[in-house]
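Per chain, numbering begins at 1; letters A, B, ... match sequence-line order. Atom set for the values below is all heavy atoms of this structure, side chains included, hydrogens, waters and symmetry mates excluded. Everything numeric in this text was worked out from a predicted model, so none of it was measured.
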Amino acid sequence: MLDIRLLRDKPDYIKERLQTRGGDFSALVDEVLSIDQARRSAETERQKLQSDRNRLSKEIGMGRKNGQDTSALETEVRGIGDRIDEIGREADAADARQTELLLSIPNLPHDGCPVGQSAEENPILREWGTVPTYDFQPKDHVTLGSQHGMLDFEAGAKLAGSAFVVYRGSGARLERALINFLLDLHTREHGYQEIGAPFVAKAEALVGTGQLPKFGDQLYHCSLDDLYLIPTAEVPVTNLHREEILKHDGLPIKYAAYTPCFRREAGSAGLGVRGLIRMHQFDKVELVKITTPENSAAELESLTANAEKVLQLLGLHYRVIELCTGDIGFGSARTYDIEVWAPGQGSYLEVSSCSNFGDYQARRMQLRYKDEEGKNRFCHTLNGSGTALARLFVALVETYQQADGSIHLPDILAPYFGGTKIG
RNA sequence: GGUGAGGUGGCUGAGUGGUCGAAAGCACAUCUUUGCUAAAGAUGCGUAGCCUUAACAGCUACCGAGGGUUCGAAUCCCUCCCUCACCGCCA
């Protein structure tokens, strides 16, 4: 969330920056400021009364010790106590409301984030490789998956409904091979520590990373235990250090985690899309970094490079775009999307979204570090997919299909897959 | 799930109603001295909020969480959470 002090000092600047996301936040900002005003005056009054009570209570204690009659004082303090309760309720209510409002305000886009209305205005930063060409009509992954008995959408629907899939045989093996390949790459070559995290999380964790309170309708929730299925490993992994004060010389912290991701995709227009493109459950290897404000910009570049490396090693054509202010995520200050080419789709698929959240998540989860001078400061958090598996699966089988429908995987996967041929 | 023990500052660990934000030790930081791969001494050393400020200072809250009793709660009562041990169950 945003720093209330920044809101107090530069409300117009805040409104202006938020405006670039689309939508008008000025009423919300003004409401926060007026609540803040009320909260502080109630708080000041309460503390003054508490101070009075502490002083008089001590007098009572000492008076009793000396055998004096303290009943008049006791009556007076009782009255003060009643007023403390009263004003305290006001202060607490204002505080709760202020927090609630602050949690619903998105992050400020980074100064370098291109201003734009929608995805159409996202600039393309770079491309790698070229669009592969075929002297036959390339099939899509659904056809290929069915040809080789790798993907069973009917079984997925039978078990859990639409937008769930069952991987079979070489399909299941390829998925597992990719998970291991990605984890090995990031832990061995890129210096991330591997994390195996719970696939469910408490509400506090989701508030910390920003999925709650605003986007609860996108989450699967187990009401009996009040736990949420994680929509991304970002949630458990970033929250690993919630409410901690880290040592500056231990930063950056770099984590890589494989988890499945669960998303309700409520109201998503694209849910009817064919195949693996948009599922309620998909696998992902996520990269998370916790760093200092000074280094977060550079860490975003290297994080993105780490994710790109995946596609380079697999020989898949991709491009990197930057999300403009109108398309950027709720908590993000700056985001690069990596899109891989899928020949069977004839389009690019987003396989990674690398974001710098600045101190936005850190404030929500009270994640700080002690700097060189011993001062506590909020960390900066980043994350990016390295990469999403389902769409990578799509790009791989569609890119490396042969005229007869067989698939010849890149050699680098051989030790993981146990060969390179499917079909 | 059952029974028992326990949750205090970075760590260990005192503290059962009042000058306790909390003894002591360790760790850490700065300084001093002796001197050299160390010892001794002094001082300092939690977090957040409020009010101010150039800054210091001051005030308030926080002893797992939330409620209650009381003029006053780390301390008494209630509920919950977590940790450990044993039992039960189980991949």
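Relative ring orientation between A/Tyr192 and A/His190 is described as perpendicular, the plane-to-plane angle rising above 60° on a 0-90° scale split at 30° and 60°.
When the side-chain nitrogen and oxygen atoms of A/Arg40 are compared with OP1 and OP2 of B/rC51, one or more of them lie within a distance under 4.0 Å. Close to B/rU47, at under 4.0 Å from its OP1 or OP2, lies a side-chain N or O of A/Lys370.
Taking atom CD on A/Gln366 and atom P on B/rC62, their separation rounds to 18 Å, with Å as the unit. In this structure, the CD atom of A/Glu243 is 13 Å from the C1' atom of B/rC62, given to the nearest Å. If you measure from atom CG of A/Asp3 to atom C1' of B/rG49, you get 13 Å, rounded to the nearest angstrom. Remark: P of B/rG49 and CZ of A/Arg363 are 10 Å apart, rounded to the nearest angstrom. In this structure, the CG atom of A/Asp95 is 11 Å from the C1' atom of B/rA48, given to the nearest Å. The CZ-C1' distance, from A/Arg5 to B/rU52, rounds to 14 Å in whole Å. Distance, A/Ile87 CD1 to B/rA61 P: 16 Å, rounded to whole Å. Computed from coordinates, the A/Lys247 NZ to B/rC28 C1' distance equals 10 Å when rounded to whole Å.
Taking a pair to require two hydrogen-bonding distances under 3.5 Å in either a Watson-Crick or a G-U wobble arrangement, B/rG6 pairs with B/rC82. Base pairing of B/rU12 is made with B/rA24, judged by Watson-Crick or G-U wobble geometry with both donor-acceptor distances under 3.5 Å. Base pairing annotation: B/rG46 forms a Watson-Crick or G-U wobble pair with B/rC62, both donor-acceptor distances under 3.5 Å.
The listed nucleotides are B/rA61, B/rU19, B/rG49; the one nearest the side chain of A/Gln50 is B/rA61. For A/Ile245, taking side-chain heavy atoms from C-beta onward, the closest of the listed nucleotides B/rC59, B/rC50, B/rU47 is B/rU47. Comparing B/rA48, B/rU19, B/rG49 by their nearest atom to the side chain of A/Asn376 picks out B/rA48.
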Assess the residue pair A/Arg46 and A/Glu90 against the criterion (salt bridge (charged side-chain N to carboxylate O under 4.0 Å, His left out)); give the C-alpha distance rounded to whole Å, side-chain angles, the decisive distance to 0.1 Å, and a yes or no. CA-CA 10 Å; A/Arg46 170 208 251 172; A/Glu90 268 177 49; over 6 Å; no

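Judged purely by distance below 3.5 Å, without hydrogens or angles, the side chains of A/Glu301 and A/Tyr336 pair a donor atom with an acceptor atom. Using a 3.5 Å distance cut-off with no hydrogens or angles, the side chains of A/Ser51 and A/Asn54 do not pair a donor with an acceptor. Judged purely by distance below 3.5 Å, without hydrogens or angles, the side chains of A/Arg377 and A/Tyr369 pair a donor atom with an acceptor atom.
Straight-line distance between the C1' atoms of B/rA22 and B/rG9: roughly 9 Å, to the nearest whole Å. Taking atom C1' in both B/rA57 and B/rG67, the straight-line distance is 36 Å, to the nearest Å.
Note on A/Asp30 versus A/Lys15: salt bridge recorded, some NZ/NE/NH1/NH2 to OD/OE distance being below 4.0 Å.
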Please list, for nucleotides 71-77 of chain B, all pairs of protein and nucleotide N/O atoms separated by less than 3.5 Å.
unit_1 : atom_1 : unit_2  : atom_2 : d
B/rC71 : OP1    : A/Arg78 : NH2    : 2.8
B/rC71 : O2'    : A/Ser57 : OG     : 3.2
B/rC71 : N4     : A/Arg64 : NH1    : 2.8
B/rC71 : N4     : A/Arg64 : NH2    : 3.3
B/rG72 : O4'    : A/Ser57 : OG     : 3.2

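Counting heavy atoms from C-beta on, the side chains of A/Ser385 and A/Val351 never come closer than 4.5 Å.
Within 4.0 Å (heavy atoms only), A/Arg55 reaches no atom of the nucleic acid at all.
Taking the centre of each ring, A/His280 and A/Phe164 come in below the 6.0 Å mark.
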